[in-house]
Engineer: 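One structure, as structure tokens, below. Some questions next.
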Amino acid sequence: MSNQEALPRAYEPAAVEKHWFPVWEKSGCFHGKANPQKTPFSIVIPPPNVTGILTLGHVLNNTLQDILARRARMQGKEVCWFPGTDHAGIATEARVVKFLKETENVSRDELGRDEFINRVWQWKKEYGGKIITQLRTLGCSCDWERERFTMDEGLSDAVKKVFIQLYNKGYIYRGQRMINWCPAAKSALSDEEVIYRDVPGKFYHFRYPYADGSGYVVVATTRPETMFGDTAVAVHPDDERYAGKIGKMLKLPLTDREIPVVADQHADPTKGTGAVKITPGHDPNDFEVGRRCNLDVINIMNPDATLNDFCPAEFVGLDRFAARELAVKRMEEAGLLEKIEDITHAVGYSERGNVPIETLVSAQWFCKMGELAKPAIEAVKSGKIKFYPERWSKTYFHWMENIQDWCISRQLWWGHRIPAWYNDDNPGEVYVGETAPTAPGKWRQEEDVLDTWFSSWLWPFSIMGWPEKTEELKYFYPTNDLVTGPDIIFFWVARMIMAGCEFIGEIPFRNVYFTSIIRDDKGRKLSKSLGNSPDPLEVISEYGADALRFSIVYIAPVGIDIRYSNEKCEIGRNFANKLWNACRFRQMQGEVSADFENVPAGLSGDEEWMLARLEEAAKSIGEELDKFRFHAAAHALYNLVWSDFCDWFVEAEKLPLRAGGKEKERALAVLDYALNKILKLLHPFMPFITEELAHRMGFVAENDSIMFSQWPEANQELKLDNDIIRSIEGKFEMVRSGRNLRSSYSIADGKKLAFHIKAANETALEVLTKELDSLKHLLNASEIELGLEAFDCASRGAAPSQLGELGVISLPLAGLIDVEAECAKLEKQLKDIEKWLSGVRGRLSNEKFVNSAPAQVVADARKQLEELEAKKSQTESILAGLR
RNA sequence: GGGCGUAUAGCUCAGUUGGUUAGAGCGCCACGUUGACAUCGUGGAGGUCAUAGAUUCGAGUUCUAUUACGCCCACCA
């Protein structure tokens, strides 16, 4: 794309985006490698599920990472952003099971383990990892050569090594424990994978008769079907109502079993009847009671949550919910149903399976977390790792300080198979190691696989080749920033910190930025079923990737949820178009200056003003990004480009551009200098359009990229004259006043007008004289009468403006002005002035204020008083003149 | 039950360490196409900062309580 070619009127993102990404990727721009000459900067991507497709959440998350990476690259750092995907055990297995059912009508079990796993790999090859392509569409500057998958060989080795190490340390153990069971996945889950929902339910009160026929005990339950697992009824030892009953037997209804009344602290005498049925096999509390009272633990369920053959015949094979209804029915028939209450209670659901989980006792593998947590807590406490927003550290500490053992085994096939073997010749003998044991015996490998997060928590170093001591690891670890959602703070962030501390002896990252959660414009969560989840690829094709990126950062508030709708992308699209046209305008003025990196000598006031705005923007954008305040940086850019550059500077420069000669040359040089800086500052946010424009304008060589140009830090050497800058602000204020007059008389902008300006003082007069041509240009004035003496508004039929920094501008409109209306306007102004005046006077006459407020504040108030008084008297004289 | 967050213009949000006329974008109203841009320009209207107290010379900003909404954690039958 040569810079000779004229720019089209409107920016068309599609072709530009399609053009640049392959160019970048092919040229190896994104590749990072150990380079001792440079400071390393690394990020690891939160690996999306291999089944996943791009969502707006990913767009936000990855745009932010890209901004960090691209800025660091421009700052001259050696950048590596490590990409990859997660094998996502449950999600992927379920997905492929469904796929096989639909395409081949075969089940997982029909295929068998090895064949099924083959099919998952096939599926992955064909359909998996779509999101990786989609992230390219978004412009992500990941080091795509380094893409990894959590089931890759090296990463799997890391998992094994870690498992063995923790096993040998005594942290990993296998045991019978109460766990969360997902009937959909038919697997154990960790506590974190259970989400609690308040749902309507019923509270059933049942009568359990004493075996000797001496009446009954009333117990209440929300889960009648679990009664077949009851092994006791507990009462509080001090509960007088049951004095003498402890030890008596009850007949468990609908069965031929008898169960004892036991005494246990768990029974709360203040609740209900004070008696509680005990189901040690299906309730964590009851399990503990069972332990204390030596009760049997009975599992009454099959893996799919149907009742097993321990239950009465007619219940066997029934789904738990059907069993519930039947149990209630039978109890009622037996006259043992006391009452039913409607209640709302929290029910645990499986996060992935979206069905109520079962708590049951099962043999699973666990990892003790207490010791692992200690250094990880310290890392955040000491500030080695910083959270943004900081408050998330509270959530982190709370969880870490109460951390429970982690159930890491899953009854799935897709995942890292646990490297443990059982000796069938010698039951109880277990071997844990990289490969099958060679010792004699009939060894059988554990069927279970590991929780997906057991590989994800190693991501920051497994992706760099650990346990090999690679160059990457040495150079890029620990990484700099992590950008992720707060919803996986426990699943992932906390565990990565523990893993880093434990296995590398060093934290995995220094800063963690938690993104906002995206909702629709009504504040609802985005979900497929609601149909309110836009497809980012469609948005990109409609608005452009840059537009989507910019918009989503621009609208993302600090620490709260984002309300998104596609129309918001107009912000970015319009902004891109504005930038495009600013460049188009510049291009139409002639060749780009030879030196666009430096400022020419002999600047005009407007030009100094522009440089000042640019400096201030560069400074604030840098500072905001350092604090991860992305949206603030985006707003600063928006104002810089639209308001400062386009609305004021470009308009003002049209004058010297028209003048031609040296003046034009200088104006062009400043425009180029500013545009070049603007494109650089904007590049991390909008990589495509800035690359395109930088080339079109000739700011970067044909084979180069803006992504390696130098990031504009605030320029300390630039000496700007604050008086001049202030006077330009005054000029702009006067222009606004003049336009206001024009507008209030509904005079078209195109009509040339004559104005009068009364300068506030000698200095103002000097400034105004110097800027007179500019004022005429910006006001589209045919003539401006300028002086120190009061303008006789009444005789000239003129409407005066409000008093500004530099003076009063008035618009003589013989015969046209409405004197009454003008007077009313001024009187209102006068009233306002008086109101403020009395406020300031009141303050200054308050001794306490004068004595205790900082000197500067008092001085400011005094100055304000003077100004207001002057303003008042001037306004009064204008008013008098008008009459 | 515990913890956290949010409440500012019609809508979505800014508002740094308290400093006195609370800002932006969108929307709305008026006017406007003379070559950068109608994906635009110019001007304008619009807010007793959720409520009640407290601290202070001064509170959108600090403290307490209340209300509403949202999120997280917690074994309550």
Side-chain angles (χ1 to χ4, degrees), chain A residues 7 9-11 178 196 203 219-223 234 266-268 271-279 283-288 345-346 359 389 391-392 394-395 398-399 402 486-487 489-490 517 519 521 523 543 547 554-565 567-568 570-589 623 627 629 631-632 635 638-639 642-643 646-647 650-651 654 735-736 739-751 780 832-833 835-836 839-840 842-843 846-854 856-858 860-861 864:
Chain A
L7 265 61
R9 285 173 74 89
Y11 174 54
M178 181 67 67
Y196 288 89
F203 207 26
V219 292
T221 179
T222 55
R223 308 265 336 253
H266 169 64
D268 184 348
K271 281 189 180 155
T273 60
V276 55
K277 69 191 215 42
I278 301 297
T279 321
D283 182 281
N285 287 310
D286 293 4
F287 183 71
E288 293 305 316
H345 61 155
T359 44
R391 68 187 154 85
W392 289 110
K394 258 190 189 173
T395 309
H398 183 257
W399 188 74
N402 296 286
D487 49 331
I489 186 166
F490 307 138
I517 288 169
R519 296 172 173 278
D521 52 358
Y543 296 93
Y554 185 89
I555 64 169
V558 232
I560 55 178
D561 298 348
I562 300 176
R563 297 195 176 216
Y564 173 90
S565 65
E567 301 81 66
K568 298 241 168 105
E570 288 175 12
I571 298 169
R573 182 198 59 184
N574 295 356
F575 183 54
N577 192 247
K578 189 73 179 176
L579 180 72
W580 181 262
N581 273 287
C583 288
R584 182 164 179 262
F585 169 78
R586 168 59 191 89
Q587 203 195 36
M588 291 166 87
Q589 306 306 313
E623 286 171 357
K627 291 184 280 185
R629 289 164 46 98
H631 77 290
H635 281 258
Y638 190 91
N639 290 333
W642 206 305
S643 172
C646 293
D647 290 347
V650 168
E651 289 310 316
K654 282 177 180 172
V735 170
R736 270 190 213 102
R739 287 170 176 170
N740 185 333
L741 292 175
R742 176 191 285 272
S743 179
S744 52
Y745 283 94
S746 300
I747 302 164
D749 295 348
K751 188 173 161 64
N780 196 24
D832 287 343
I833 292 170
K835 198 177 106 198
W836 300 316
V840 178
R843 227 175 307 140
N846 183 340
E847 263 180 57
K848 282 181 180 167
F849 171 72
V850 179
N851 292 336
S852 46
Q856 188 58 51
V857 175
V858 178
D860 286 349
Q864 199 188 5

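We name chains A, B, ... by the order of the sequence lines, and we start the count at 1 in each one.
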Engineer: Could you check whether A:Asp749 gets within reach of a base, just the sugar-phosphate, or nothing at all, counting any heavy atom under 4.0 Å?
Structural biologist: base
Engineer: Any donor-acceptor pair under 3.5 Å linking the side chain of A:Asn581 with the backbone of A:Asn577?
Structural biologist: yes
Engineer: Taking only side-chain nitrogens and oxygens of A:Asn851, does any of them come within less than 4.0 Å of OP1 or OP2 of B:C57?
Structural biologist: no
Engineer: Taking the C1' atom in each of B:G23 and B:U34, what is the distance between them to the nearest angstrom?
Structural biologist: 34 Å
Engineer: Rounded to whole angstrom, note down the C1' distance from B:U56 over to B:G19.
Structural biologist: 12 Å
Engineer: Quick one: A:Asn574 CG to B:C40 C1', roughly how many Å, whole number?
Structural biologist: 9 Å
Engineer: Can you see whether A:Asp860 engages A:Gln856 through a side-chain donor-acceptor pair at a distance of less than 3.5 angstrom?
Structural biologist: yes
Engineer: Counting N and O atoms only, with roles assigned by atom type, does the side chain of A:Asn780 sit under 3.5 Å from a partner on the main chain of A:Gly750, one being a donor and the other an acceptor?
Structural biologist: yes
Engineer: Name the closest nucleotide to the A:Tyr638 side chain, picking from B:G35, B:G25, B:C37.
Structural biologist: B:G25
Engineer: Below 4.5 Å, heavy atoms only, C-beta onward: do A:Asp647 and A:Glu651 meet side chain to side chain?
Structural biologist: no
Engineer: The side chain of A:Arg563 lies closest to which of these nucleotides: B:U42, B:G5, B:C13?
Structural biologist: B:C13
Engineer: It should be established whether A:Arg629 places a side-chain nitrogen or oxygen under 4.0 Å from OP1 or OP2 of nucleotide B:G15.
Structural biologist: yes
Engineer: For B:G47 versus B:G58, give the span between their P atoms, rounded off to a whole number of Å.
Structural biologist: 27 Å
Engineer: Using the C1' atom in both, what is the distance from B:C73 to B:G18, to the nearest Å?
Structural biologist: 35 Å
Engineer: A:Phe575 near the nucleic acid: base, sugar-phosphate alone, or nothing, with a heavy-atom cut-off under 4.0 Å?
Structural biologist: nothing
Engineer: What is the distance from CH2 of A:Trp580 to P of B:C37, rounded to the nearest Å?
Structural biologist: 14 Å
Engineer: So for A:Asn285 and B:C75, does any side-chain atom that can act as donor or acceptor lie under 3.5 Å from a complementary atom in the base?
Structural biologist: yes
Engineer: Which of the following nucleotides, B:C73, B:U42, B:C13, is nearest to the side chain of A:Ile560?
Structural biologist: B:C13
Engineer: Could you check how far CG of A:Asp561 sits from C1' of B:G5, rounded to whole Å?
Structural biologist: 9 Å
Engineer: Does A:Asp283 reach the main-chain N or O of A:Thr359 with its side chain, forming a donor-acceptor pair under 3.5 Å?
Structural biologist: no
Engineer: Can you measure from CZ (A:Arg736) to OG (A:Ser743) and round to the nearest 0.5 angstrom?
Structural biologist: 14.0 Å
Engineer: I need the CD1-C1' distance between A:Ile555 and B:G25, as an integer number of Å.
Structural biologist: 11 Å
Engineer: If you only use heavy atoms from C-beta on, which nucleotide in B:C72, B:U42, B:A77 is closest to the side chain of A:Phe203?
Structural biologist: B:A77
Engineer: Provide the distance between the two P atoms, one in B:A68 and one in B:G46, to the nearest whole Å.
Structural biologist: 33 Å
Engineer: Any donor-acceptor pair under 3.5 Å joining the side chain of A:Lys394 to the base of B:C4?
Structural biologist: no
Engineer: Would you say a side-chain N or O of A:Lys654 is under 4.0 Å from OP1 or OP2 of B:A36?
Structural biologist: yes
Engineer: Restricting to non-hydrogen atoms, name the atom on A:Ala556 and the atom on A:His631 that form the minimum distance, rounded to 0.1 Å.
Structural biologist: O-CB, 3.2 Å
Engineer: Ignoring hydrogens and geometry, is there a side-chain-to-backbone donor-acceptor pair from A:Ser852 to A:Lys848 under 3.5 Å?
Structural biologist: yes
Engineer: What is the separation between atom CZ on A:Arg223 and atom P on B:A77, rounded to the nearest whole Å?
Structural biologist: 13 Å
Engineer: Donor-acceptor pair, A:Gln864 side chain versus A:Val840 backbone, under 3.5 Å?
Structural biologist: no
Engineer: State whether A:Arg9 places a side-chain N or O below 4.0 Å from either non-bridging phosphate oxygen (OP1 or OP2) of B:C37.
Structural biologist: yes
Engineer: Return the value, rounded to whole Å, for the distance between atom CD1 of A:Ile747 and atom C1' of B:A30.
Structural biologist: 13 Å
Engineer: Tell me what A:Ala267 touches on the nucleic acid: a base, only sugar-phosphate, or nothing, going by heavy atoms under 4.0 Å.
Structural biologist: base
Engineer: For A:Tyr554, is the NZ or CZ atom of A:Lys568 found under 6.0 angstrom from the centre of its six-membered ring and inside 45 degrees of the ring axis?
Structural biologist: no
Engineer: Starting the side chain at C-beta, find the nucleotide from B:A36, B:A77, B:A24 nearest to A:Thr222.
Structural biologist: B:A77
Engineer: Give the nucleotide from the list B:G25, B:C37, B:G70 with an atom nearest to the side chain of A:Glu651.
Structural biologist: B:C37
Engineer: Calculate the interatomic distance between A:Asp487 atom CG and B:C72 atom P; express it in whole Å.
Structural biologist: 9 Å
Engineer: Would you kindly compare A:Asn581 and A:Lys271 by the position of their nearest RNA chain B nucleotide and give the one closer to the 5′ end?
Structural biologist: A:Asn581
Engineer: First locate atom CG of A:Leu579, then atom CZ of A:Arg584, and finally report the distance between them rounded to the nearest 0.5 Å.
Structural biologist: 13.5 Å
Engineer: Between the protein and nucleotides 19-21 of chain B, which nitrogen or oxygen pairs come in under 3.5 angstrom?
Structural biologist:
unit_1 : atom_1 : unit_2   : atom_2 : d
B:U20  : O2'    : A:Arg843 : NH2    : 2.9
B:U20  : O2     : A:Arg843 : NE     : 3.2
B:U20  : N3     : A:Arg843 : NE     : 2.9
B:U21  : O4'    : A:Trp836 : NE1    : 3.3

Engineer: So what does A:Ala220 hit on the nucleic acid, given a heavy-atom distance under 4.0 Å: a base, only sugar-phosphate, or nothing?
Structural biologist: sugar-phosphate
Engineer: Could you give the distance separating B:G60 and B:A50 at their C1' atoms, to the nearest angstrom?
Structural biologist: 12 Å
Engineer: Over all strands shown, is A:Pro284 touching base, sugar-phosphate only, or nothing at heavy-atom distances under 4.0 angstrom?
Structural biologist: nothing
Engineer: When you match A:Asp647 and A:Cys583 each to their closest nucleotide on RNA chain B, which lands nearer the 5' end?
Structural biologist: A:Cys583
Engineer: Where the side chain of A:Asn402 meets the backbone of A:His398, is there a donor-acceptor pair that is under 3.5 Å apart?
Structural biologist: yes
Engineer: Could you tell me whether the phosphate oxygens of B:G3, OP1 or OP2, come under 4.0 Å of any side-chain nitrogen or oxygen in A:Trp399?
Structural biologist: no
Engineer: May I have the distance from A:Asn402 (atom CG) to B:G2 (atom P), rounded to whole angstrom?
Structural biologist: 16 Å
Engineer: I'd like the P distance from B:U42 over to B:C26, given in whole Å.
Structural biologist: 11 Å
Engineer: Only Watson-Crick and G-U wobble pairs with both distances less than 3.5 Å should count. Give RNA chain B in dot-bracket notation, marking inter-strand partners with |.
Structural biologist: (((((((..((((.....[...)))).(((((.......))))).....(((((..]....))))))))))))....
Engineer: Between the side chain of A:Arg742 and the main-chain N/O of A:Lys751, is any donor-acceptor distance below 3.5 Å?
Structural biologist: yes
Engineer: Nearest to the side chain of A:Asp268 - B:U39, B:A77, B:G43?
Structural biologist: B:A77
Engineer: How far, in whole Å, is B:U48 from B:U8 if one measures between their P atoms?
Structural biologist: 12 Å
